[in-house]
Amino acid sequence: MPRFLAVYTMKPEDLASFRSLPKAEQDAVDAVGLEQWAAWEDRNAVSILDRGGMVGKTTRVTKDGVADAVNPFCGYLVVEAESIEAAARLFQDHPHITVFPGDGVDIMPFLT
């Protein structure tokens with residue numbers, strides 16, 4: 001069955017806005033979101049090959065050297081599905097975009 005990389009995205013300004021909320025408000029969102037995230041993983045466990053994880057600040061390596069970089073990536077997951085459309089449907093109700101300030105989940109097929 002085809003495998004897909006799902007990359008959680010979040011605009012840096014949306015994360016900054018969330019982090020500027022009072023700690024109690026952040027904790028309330030986290031409590032709801034983490035519970036829903038765990039439930040989402042339970043519902044879709046058969047499709048999840050690698051739970052991945054959340055990622056932090058980016059360092060980019062190019063032919064010119066190593067430097068700090070900014071991108072919208074904040075985490076990833078590897079899933080298995082019949083098609084890219086089926087993989088995308090797994091994430092339609094994901095708390096990353098329904099509870100947390102995430103702006104999307106990019107789905108990409110593995111080609112090899």
Side-chain angles (χ1 to χ4, degrees):
M1 189 174 307
R3 295 175 303 134
F4 300 89
L5 176 65
V7 176
Y8 301 114
T9 62
M10 183 180 298
K11 295 175 184 168
E13 60 270 23
D14 292 343
L15 177 59
S17 178
F18 177 73
R19 292 293 175 223
S20 72
L21 294 173
K23 178 82 166 101
E25 288 182 42
Q26 290 180 52
D27 290 348
V29 171
D30 285 345
V32 170
L34 294 175
E35 182 177 315
Q36 289 185 21
W37 198 301
W40 181 90
E41 285 188 351
D42 288 345
R43 281 193 314 277
N44 294 288
V46 68
S47 299
I48 299 172
L49 299 180
D50 179 346
R51 289 182 61 220
M54 303 315 285
V55 297
K57 293 182 179 181
T58 300
T59 299
R60 172 167 282 168
V61 180
T62 68
K63 64 183 178 182
D64 297 322
V66 178
D68 290 340
V70 176
N71 63 47
F73 309 144
C74 59
Y76 78 97
L77 182 74
V78 178
V79 297
E80 186 174 63
E82 291 291 333
S83 65
I84 196 165
E85 294 82 10
R89 282 192 298 274
L90 294 173
F91 293 90
Q92 286 181 315
D93 67 342
H94 197 285
H96 175 68
I97 55 178
T98 62
V99 177
F100 293 109
D103 72 325
V105 181
D106 292 346
I107 313 295
M108 296 157 271
F110 284 99
L111 301 177
T112 58

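Everything numeric here is computed off the predicted structure, so don't read it as measured data. Residues take their numbers from the sequence shown, with the count starting at 1.
For the pair Val70 and Pro12, the tightest heavy-atom approach, listed with the atom from each and the gap, is CG1-CG, 3.9 Å. Shortest non-hydrogen contact noted between His96 and Cys74 is CE1-SG, 3.5 Å. Nearest heavy-atom pair across Arg3 and Thr112 is NH2-O, 3.2 Å. Between Phe110 and Leu5, the shortest heavy-atom distance links the atoms CE1-N, 3.6 Å.
Residues passing the side-chain hydrogen bond (donor to acceptor under 3.5 Å, both in side chains) test with Asp27, sequence neighbours excluded: Lys23. Residues satisfying the side-chain hydrogen bond (donor to acceptor under 3.5 Å, both in side chains) criterion with Asp103, sequence neighbours excluded, are Thr9. Scanning for salt bridge (charged side-chain N to carboxylate O under 4.0 Å, His left out) contacts around Arg60 gives an empty result, with sequence neighbours left out. Every residue was checked against the salt bridge (charged side-chain N to carboxylate O under 4.0 Å, His left out) condition with Asp50, not counting sequence neighbours, and none meets it.
Within the 3.5 Å criterion, the main-chain N or O of Asp14 finds no donor-acceptor partner in the side chain of Ser17. Distance alone, capped at 3.5 Å, is enough to place a donor-acceptor pair between the Thr98 side chain and the His94 backbone.
Connectivity analysis of hydrophobic side chains (ILVMFWY, heavy atoms under 4.5 Å, direct or indirect) links Ile84 to Phe4, Tyr8, Phe18, Leu21, Val29, Val32, Leu34, Trp37, Trp40, Ile48, Met54, Leu77, Val79, Leu90, Phe91, Val99, Phe100, Val105, Ile107.
Around CZ of Arg51, the count of heavy atoms belonging to other residues, nucleotides or ligands within 6.0 Å does not exceed 12. The number of heavy-atom neighbours closer than 6.0 Å to CD of Glu35, taken from other residues, nucleotides and ligands shown, is 12 or below.
Judged as a side chain to side chain donor-acceptor pair (under 3.5 Å), the pairs with a partner in residues 75-87 (not counting sequence neighbours) are, in order, Ser83-Glu85.
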